[in-house]
2 protein chains.
Amino acid sequence: MSQVSPDAIERLLSRRGYRLTAPRRNLLEVMAGLGDHFVAEGIVSAAPEVGRATVFRTLRLLQDLGVVCQVVLDDGTLAYRLAPEEHHHHVLCVECGAAEDFSSPALESVLREVEESTGFTVEAHRLELYGRCSVCRASDH
Amino acid sequence: MSQVSPDAIERLLSRRGYRLTAPRRNLLEVMAGLGDHFVAEGIVSAAPEVGRATVFRTLRLLQDLGVVCQVVLDDGTLAYRLAPEEHHHHVLCVECGAAEDFSSPALESVLREVEESTGFTVEAHRLELYGRCSVCRASDH
DNA sequence: GACTCTAACGAGACTACGTGTCAATAGCAA
DNA sequence: TTGCTATTGACACGTAGTCTCGTTAGAGTC
């Protein structure tokens, strides 16, 4: 629910020395309007006046800046989400598509456990949870 | 390390009423030979005599049968792995590509924790770990 | 071994998603 | 206002996977 505002992202861009162009402002508005999470193609069609390449370039830039993060949906497709900078994971509702962030200190101990049993050093990970949100559970019994 | 043998998979196929065709045998051999994990395109080029569509059809069939599972690599590309039927996760070496399976009971408590804090019911999840295996850590430096 | 039914196949066109190139444009600092 | 250059759009290209459809070949039956 707590989304990063387009304004805050614009300030971040200029602070980092990136230009504040019309297409970028445009895309930020569109993303904010697309809700919880969005796929690249959704942005492309929601902002037809912005070139295809620019959409993907901007998406990558925002990812590098840490204001947008990847979300792997349960069918394997890749989506994106405006998100806090700290490391976190997602719970996705398979029914309505709602997404929520969470971070789990307990996961750290799972990683340590795996390191011990496999001999690997774990340097990165992906975790996505899929289920049903409280609203959907309540509505269709 | 403990891979399912092509023979065992062939038996499973016929037991389930699927035909034991030459392309299927062929693909099973190829997959077993490609090592830890493999991408679809790798199979296509390693088995040029088998049609592209057949490779993907077979891959999906094997997934449905539970003898092949998806692996999301750290760069986001999708790979596959011959794997045990039980639910498990992967640790991938980003250097040599080695993969190992693990299952973690402790992860269950992470899921319960998230359910409580978010109000979601978690029905499925993906977890992939990326790091370096003991061999790679020992060899370079 | 021959017959038959139909699952499975191969070829190749097609779609979806993403990248690379390059000349034109427009931020923004001076 | 000017000039530098980051950024853009158009479009060709690449890659990953799907669909269609006429043909082939498992495998059960006689």
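Note: hydrogens, waters and symmetry copies are ignored here, and every other heavy atom, side chains too, is used. A, B, ... follow the sequence lines: proteins, then strands. Residue 1 opens every chain.
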Stepwise side chain to side chain contact (heavy atoms under 4.5 Å, CB included) test for B:Gln70 and B:His37:
CA-CA 9 Å; B:Gln70 287 190 349; B:His37 58 270; over 6 Å; no
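Mapping A:Thr21 and B:Leu78 onto DNA chain D by nearest heavy atom places A:Thr21 closer to the 5' end of the strand. Heavy-atom distances to DNA chain C give each of B:Thr54 and A:Tyr18 a nearest nucleotide, and the one nearer the 5′ end belongs to B:Thr54.
Rounding to whole angstrom units, CG of residue A:Leu27 and P of D:dT7 are separated by 14 Å. Rounding to whole angstrom units, CZ of residue A:Arg25 and C1' of D:dA6 are separated by 15 Å. The nearest whole Å value for the distance from the CD1 atom in B:Ile43 to the P atom in C:dG10 is 14 Å. Computed from coordinates, the B:Glu41 CD to D:dT18 C1' distance equals 13 Å when rounded to whole Å. Per the geometry, CG belonging to A:Leu61 stands 14 Å off P belonging to D:dA6, to the nearest Å. Distance, B:Leu13 CG to D:dG26 P: 14 Å, rounded to whole Å. Atom CZ in B:Phe56 sits roughly 17 Å away from atom P in D:dT20 (whole-Å rounding). Rounded to whole Å, the distance from CG on A:Asp75 to P on C:dA16 is 15 Å.
Scanning both residues, A:Val55 and A:Ala40, for their nearest heavy atoms gives CG1-O, 4.3 Å. Scanning both residues, B:Val91 and A:Phe120, for their nearest heavy atoms gives CG1-CD2, 3.7 Å. Contact between B:Arg132 and B:Cys136 at its shortest, heavy atoms only, is NH1-O, 4.1 Å.
Classification of the B:His87-B:His125 ring pair by plane angle, with boundaries at 30° and 60°, yields perpendicular.
If you check distances only, the side chain of B:Arg57 does reach the base of C:dG10 with a donor-acceptor pair under 3.5 Å. Below the 3.5 angstrom threshold, one finds a donor paired with an acceptor across the side chain of A:Arg19 and the base of D:dA6.
Across all strands shown, A:Arg52 has heavy atoms under 4.0 Å from base atoms, whether or not it also approaches the sugar-phosphate. Among the heavy atoms of the strands lying under 4.0 Å from A:Arg60 are primed sugar atoms or P, OP1, OP2 only; no base atom is included. Counting non-hydrogen atoms under 4.0 angstrom, B:Val50 reaches the backbone sugars and phosphates but no base.
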